[in-house]
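Convention: sequence-line order gives letters A, B, ...; per-chain numbering from 1.
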Amino acid sequence: MIRPEPMQNLKQHLGALLGSCLSKAAGIANSNANVITASKPEFGDYQANGVMAIAKQLQTNPRELAQKVVELIDSVNDKLIERVEIAGPGFINIHLRNDALMAKASMVLQQPNTLIPQSEQAVCIVVDYSSPNLAKEMHVGHLRGTIIGDCLARVLEKQGHEVIRQNHVGDWGTQFGMLIAYLKEVMKAPDPGSDDLPTRLADLEVFYRAARKRFDSDSEFAETSRLSVVKLQGGEPEYLQIWQRFIDESLRHCQLVYDRLNVTLSNKDLKAESFYNDGLSGIVTALEEKNLLTLSAGALCVFLPEFTGKDGDPLPVIIRKSDGAYLYATTDLAAVRYRCFDLNADRSLYVVDARQSLHFQQVFAVARVAGLASDNISLEHVTYGTMMGKDGKPFQTRSGDTIKLIELLNEACRRAFELVSDKNPDLDEAARQAIADTVGIAAVKYADLSKNRTSDYIFDWSAMLSFEGNTAPYLLYAYARIKSILSKQETALEQYSITSIDAREERDLLLKNLQLPEVIEMVATDCYPNLLCNYLYELAGKFMRFYEACPILKAELESRNSRLSLAALTAETLQQGLDLLGIETLEKM
RNA sequence: GCGCCCGUAGCUCAACCGGAUAGAGCACCGGCCUUCUAAGCCGGGGGUUGCAGAUUCAAGUUCUGCCGGGCGCGCCA
């Protein structure tokens with residue numbers, strides 16, 4: 001496959017052009033013209049907000065400076081720009097040429113793989129996401145991290161970066177000692193080769209809860225559990241064998257959920273906590289060499305001056321517990337080292353619940369001072385909010401009302417099936433089921449992806465399973481409408497080409513299509529998938545308005561072909577955008 | 001007690017590192033299917049952006065102090 005050329009998106013092009021004009025006019029190198037999409041249609045297509053700040057700096061009249069900038073822009077005769085004008089206190093409003101927009105769009109139509117340009121510099125990016133605890137079955141709280149991470153991985157990959165997914169599953173902590181101890185207890189004479197373990201684990205959640213109850217109520221059992229961890233981490237065969245069967249069973253559950261969710265994770269992306277086990281003593285050595293370790297109450301700790309807790313006391317990062325077992329900080333340090341020096345990552349993203357932000361701050365800081373991370377690697381904790389219950393209180397995973405992720409997906413598809421059957425009773429059942437499966441999953445994913453990841457969110461069936469308004473079905477519906485039209489055209493177009501713009505709705509839709517690369521760039525930089533959702537929703541909305549206002553198949557020949565092309569371009573944009581969200585499209589719905 | 005995050009329409013959320021009159025959806029009210037899929041489109045009501053200051057041409061956005069909510073803070077992950 002030919003790698004599409006790096007290409008400036010509209011905003012980058014205008015930003016560079018106006019930036020250089022502003023720099024020249026102001027006599028200040030690298031001035032930022034601060035070009036953004038226009039906040040209102042009256043202001044044109046894009047607007048430059050940077051003139052006023054520079055004028056302030058120069059103690060000069062902003063409108064006069066803007067005038068100089070405008071003259072410089074005019075002298076360049078840029079192919080994209082129809083005209084620029086000064087507005088208000090010193091804004092520069094930018095209007096783009098229709099012919100330039102049409103030409104750009106027609107080019108993209110002929111080479112759809114240029115719709116999303118390659119990043120100028122491809123780098124290696126590790127994306128750590130999903131990372132469920134294998135002691136339990138995946139529940140609704142795992143949804144966010146899994147699909148946000150998957151979206152980011154897809155976006156970065158699409159830009160040409162080398163993306164290495166890392167599913168850092170929890171398979172090695174204290175809870176496994178607990179499970180093993182409980183299993184041994186439940187099955188008096190453990191014989192891991194021939195028992196009915198899979199049957200007993202058919203409901204991992206139930207098994208976990210039972211073990212947990214024992215652990216919390218019986219200190220002797222808790223002690224046995226902790227000793228089991230040490231034995232496991234020490235490599236005792238019997239423990240390893242039981243453990244392995246837990247893991248295999250649990251991973252099977254996870255993969256079912258991933259496949260159902262259309263999440264790209266597979267076995268090859270697994271890098272479990274246990275993978276780092278052999279390297280943990282090396283972490284201790286490395287920290288020792290840097291004189292960072294302190295023995296505190298029997299535990300090996302790192303104290304960094306920038307982290308203090310209660311009463312200003314130094315806050316420890318516990319590297320090794322007093323009983324000799326390691327904790328997740330140590331594992332995470334080993335993972336940082338692995339990603340930096342073995343995978344040679346330039347960026348390492350951790351898509352993990354915001355509650356762990358202090359933990360990651362500490363791990364990153366220790367990794368830097370201990371040389372477990374190079375200075376060049378960008379370590380980024382991509383946080384997301386805590387899931388709350390209907391009452392606004394945190395959704396307790398240990399309480400009985402945990403909802404399994406698979407149950408949510410089943411319910412979504414069930415409701416979607418009812419709706420499809422209602423809307424489209426003529427389709428046979430298999431077709432309706434297939435549509436419902438796509439729509440249901442899409443709705444659940446989009447409900448989460450479309451919200452700013454940093455805010456806490458309330459688990460709410462009705463919001464998550466809604467099919468109207470700003471939802472995935474709206475986008476899928478727009479796509480299906482386009483496909484329906486395209487399938488009705490009598491003669492296939494030799495090649496799509498957008499050659500005329502008559503209505504406001506046509507132009508709005510055309511320009512919006514061309515702005516996908518800008519959005520992708522923002523998502524890749526800041527890791528906010530909701531920006532892509534917002535964009536696609538606006539794109540679909542502009543298509544709906546175009547659809548209502550502009551007849552396509554009944555239009556005059558030239559307009560007809562042009563509108564068909566515009567519709568085809570929109571389908572392409574929607575399809576590629578939804579694909580980056582991990583949402584499949586439908587030809588019919 | 002200390003630290004981090006959050007507070008925007010009745011509800012769920014936007015607002016592109018400080019920009020022009022704060023926008024959508026849901027819900028509610030009213031229009032639009034003999035015309036390319038009504039899971040749609042058009043219109044309407046609804047706001048002192050928690051409160052009070054500060055910074056400046058410009059603050060939902062930055063700073064300070066309160067109020068309210070969430071999370072984290074030594075051997076769970």
**Q** With the side chain of A/N452 defined as its heavy atoms from C-beta on, choose the nearest nucleotide among B/rA20, B/rA14, B/rA38.
**A**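 Of the options given, the side chain of A/N452 lies nearest B/rA14.
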**Q** Using the side-chain heavy atoms of A/S39, tell me which of these nucleotides is nearest: B/rA20, B/rC36, B/rC41.
**A**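 Closest of the options to the side chain of A/S39: B/rA20.
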**Q** Just compare B/rG19, B/rC76, B/rC16 and give me whichever is closest to any side-chain atom of A/T174.
**A**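 So the side chain of A/T174 is nearest to B/rC76.
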**Q** For B/rG23 versus B/rA9, give the span between their C1' atoms, rounded off to a whole number of Å.
**A**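 Their C1' atoms lie roughly 11 Å apart.
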**Q** Identify which nucleotide among B/rA77, B/rU21, B/rA39 has an atom closest to any side-chain atom of A/I435, counting heavy atoms from C-beta outward.
**A**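 The closest nucleotide is B/rA39.
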**Q** Find the partner of B/rU56: check Watson-Crick (N1-N3 plus N6-O4 or O6-N4) and G-U wobble (N1-O2, O6-N3) distances, both under 3.5 Å, and reply none if neither fits.
**A**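 Base partner found: none.
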**Q** Want to settle it: does A/P551 or A/N530 sit nearer the 5' end of RNA chain B, counting the closest nucleotide to each?
**A**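 The residue mapped nearer the 5' terminus is A/N530.
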**Q** Round to a whole Å and report the spacing from CD of A/Q356 to C1' of B/rC76.
**A**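 Answer to the nearest Å: 11 Å.
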**Q** Please name the nucleotide paired to B/rU21 by Watson-Crick or G-U wobble geometry with both distances under 3.5 Å, or report none.
**A**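 Its partner is none (no Watson-Crick or G-U wobble pair with both distances under 3.5 Å).
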**Q** Round to a whole Å and report the spacing from CD of A/Q47 to P of B/rA15.
**A**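 That distance rounds to 16 Å.
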**Q** Please tell me which of the listed nucleotides, B/rA20, B/rA39, B/rC13, lies nearest to the side chain of A/L419?
**A**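 My answer, after comparing the listed nucleotides, is B/rA39.
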**Q** Test A/I318 against every option in A/L300, A/T330, A/L327 by the side-chain contact (heavy atoms from CB on, under 4.5 Å) rule and name the one that passes.
**A**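 Of the listed options, the one satisfying the test is A/L327.
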**Q** Say we look at B/rG44 and B/rG25: how far apart would their P atoms be, to the nearest angstrom?
**A**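 My reading of the P atoms in B/rG44 and B/rG25 gives 12 Å.
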**Q** Figure out the OH/C1' separation between A/Y328 and B/rA77, and round it to whole Å.
**A**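 That distance rounds to 6 Å.
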**Q** Using ring centroids (six-membered ring only for Trp), state whether A/H13 and A/Y46 fall under 6.0 Å.
**A**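 No, the ring of A/Y46 stays outside the 6.0 Å limit from the ring of A/H13, centre to centre.
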**Q** Out of B/rG74, B/rU37, B/rA15, which has the shortest distance to the side chain of A/P316?
**A**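 Taking heavy atoms from C-beta onward, the closest nucleotide is B/rG74.
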**Q** Should A/Y474 be counted as stacked on B/rA39, where stacking needs a ring-centre gap under 5.5 Å and an angle between planes under 30 degrees?
**A**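 A/Y474 ring does not meet the centre or angle cut-off for B/rA39; no stack.
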**Q** With rounding to the closest Å, how many angstrom separate the C1' atoms on B/rU49 and B/rA15?
**A**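 Straight-line distance between the two C1' atoms is 11 Å.
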**Q** Does a salt bridge link A/D508 with A/R504, judged by any charged N lying under 4.0 Å from a carboxylate O?
**A**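 The answer is yes: the pair qualifies as a salt bridge.
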**Q** Over all strands shown, is A/N49 touching base, sugar-phosphate only, or nothing at heavy-atom distances under 4.0 angstrom?
**A**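 Answer is base: heavy atoms of A/N49 come under 4.0 Å of a base.
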**Q** Given the C1' atoms of B/rA20 and B/rC67, what is the spacing between them in whole Å?
**A**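 Straight-line distance between the two C1' atoms is 32 Å.
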**Q** Salt-bridge test for A/R560 and A/E556: reply yes if a basic N is under 4.0 Å from a carboxylate O, no otherwise.
**A**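 Not counted as a salt bridge, because no side-chain N and carboxylate O are separated by less than 4.0 Å.
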**Q** Taking atom P in both B/rU8 and B/rC41, compute the distance separating them and give it to the nearest angstrom.
**A**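 Straight-line distance between the two P atoms is 27 Å.
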**Q** B/rU37 P sits how many Å from A/K588 NZ, rounded?
**A**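 Value for this atom pair: 11 Å.
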**Q** What does B/rA15 pair with, Watson-Crick or G-U, if both distances are under 3.5 Å?
**A**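 Partner of B/rA15: none.
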**Q** By nearest atom, which of the nucleotides B/rA77, B/rG19, B/rA39 is closest to the A/E273 side chain?
**A**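 Ranking B/rA77, B/rG19, B/rA39 by closest atom to the A/E273 side chain puts B/rA77 first.
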**Q** Quote, to the nearest angstrom, the C1' distance that separates B/rU12 from B/rC6.
**A**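 Rounded to whole Å, the distance is 15 Å.
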**Q** If the glycosidic angle sits within 90 degrees of zero it is syn, else anti. Tell me which applies to B/rC33.
**A**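 B/rC33: syn.
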**Q** Taking the six-membered ring for Trp, does A/Y477 stack with B/rG40 (centroid gap under 5.5 Å, planes within less than 30°)?
**A**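 Base of B/rG40: not stacked against A/Y477.
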**Q** Determine the interatomic distance between P on B/rA58 and the same-named atom on B/rG68; round to the nearest Å.
**A**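 Looking at atom P only, B/rA58 and B/rG68 are 33 Å apart.
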**Q** At under 4.0 Å between heavy atoms, what does A/M544 touch on the DNA or RNA strands: base, sugar-phosphate, or nothing?
**A**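 Result for A/M544 = sugar-phosphate.
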**Q** In whole angstrom, give the distance that lies between atom CG of A/L574 and atom P of B/rU37.
**A**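 After rounding, the reported distance stands at 16 Å.
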**Q** For B/rG7, what is the paired nucleotide under Watson-Crick or G-U wobble rules, both distances under 3.5 Å?
**A**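 With both distances under 3.5 Å, B/rG7 matches B/rC67.
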**Q** Nearest-Å distance, OH (A/Y479) to C1' (B/rG40)?
**A**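 From A/Y479 OH to B/rG40 C1': 19 Å.
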**Q** Who does B/rG43 pair with, Watson-Crick or G-U, both distances under 3.5 Å?
**A**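 Result: B/rC29.
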**Q** With respect to the side chain of A/I318, which nucleotide from B/rG74, B/rC36, B/rG23 is positioned closest?
**A**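 Output: B/rG74.
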**Q** Contact class for A/L327 (heavy atom, under 4.0 Å): base, sugar-phosphate, or nothing?
**A**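 Contact class for A/L327: sugar-phosphate only.
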**Q** Provide, to the nearest angstrom, the distance between the CG atom belonging to A/D323 and the C1' atom belonging to B/rC76.
**A**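 Computing the A/D323:CG to B/rC76:C1' distance gives 12 Å.
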**Q** Under 6.0 Å between ring centres: does that hold for A/F91 and A/F43?
**A**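 Distance test on ring centres: not under 6.0 Å, no.
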**Q** When all nucleic acid strands are considered with a 4.0 Å heavy-atom cut-off, which category describes A/L358: base, sugar-phosphate, or nothing?
**A**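 Sugar-phosphate contact only - A/L358 comes under 4.0 Å of backbone atoms but never of a base.
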**Q** Quick one: pull up CD in A/Q515 and CD in A/E538 and give me the separation to the nearest 0.5 Å.
**A**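 Going from the CD atom of A/Q515 to the CD atom of A/E538 covers 9.0 Å.
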**Q** For the pair A/R212 and A/D216, find out whether any cationic side-chain nitrogen is under 4.0 Å from an anionic carboxylate oxygen.
**A**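 Answer for the salt bridge query: yes.
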**Q** Starting at the 5' end of RNA chain B and moving along, which residue's nearest nucleotide shows up first, A/N93 or A/V420?
**A**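 It is A/N93 whose nearest nucleotide is closer to the 5' end.
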**Q** Mind calculating the distance between NE2 (A/H359) and C1' (B/rC5) to the nearest angstrom?
**A**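 After rounding, the reported distance stands at 18 Å.
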**Q** Identify whether any heavy atom of A/C533 sits under 4.0 Å from a base atom; if not, whether one sits that close to sugar-phosphate; answer base, sugar-phosphate or nothing.
**A**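 Touches nothing.
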**Q** Reckon A/F43 touches a base, only the sugar-phosphate, or nothing at all at heavy-atom distances under 4.0 Å?
**A**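 Base contact - A/F43 has a heavy atom under 4.0 Å of at least one base atom.
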**Q** Going by an N to O cut-off under 4.0 Å, is there a salt bridge joining A/E223 and A/R226?
**A**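 Yes, this pair counts.
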**Q** Assign A/A299 to base, sugar-phosphate, or nothing according to its heavy-atom contacts below 4.0 angstrom with the strands shown.
**A**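 It contacts base atoms.
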**Q** Decide if the gap between the ring center of A/Y326 and the ring center of A/Y276 is smaller than 6.0 angstrom.
**A**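 No, the ring centres sit 6.0 Å or more apart.
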**Q** Between B/rA77, B/rC36, B/rA38, spot the one nearest the side chain of A/I485, thanks.
**A**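 The nucleotide sitting nearest to the side chain is B/rC36.
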**Q** Expressed in whole Å, how much space separates the P atoms belonging to B/rG40 and B/rA27?
**A**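 Each nucleotide's P atom is 10 Å from the other's.
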**Q** Touch check for A/A297, heavy atoms < 4.0 angstrom, all strands: base, sugar-phosphate only, or nothing?
**A**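 The residue A/A297 makes base contact.
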**Q** Quick one: the side chain of A/T37 and the base of B/rC16, do they pair up donor-acceptor inside 3.5 Å?
**A**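 Side chain to base: pair found, below 3.5 Å.
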**Q** Any strand is fair game: report the nucleotide pairing with B/rG72 by Watson-Crick or G-U wobble, both distances under 3.5 Å, or none.
**A**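 B/rC2 - that is the nucleotide pairing with B/rG72, both distances being under 3.5 Å.
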**Q** Under 4.0 Å between any heavy atoms, over every strand shown, what does A/R545 touch: base, sugar-phosphate, or nothing? Just pick one.
**A**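 If one applies the 4.0 Å heavy-atom cut-off, A/R545 turns out to touch the sugar-phosphate alone, with no base involved.
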**Q** Under 6.0 Å between the ring centres of A/H359 and A/Y328?
**A**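 Judged by ring-centre distance (under 6.0 Å), A/H359 and A/Y328 do meet the cut-off.
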**Q** Side chain of A/K554 only, heavy atoms from C-beta on: which candidate in B/rC41, B/rU35, B/rG72 is closest?
**A**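 Of B/rC41, B/rU35, B/rG72, B/rU35 is nearest to the side chain of A/K554.
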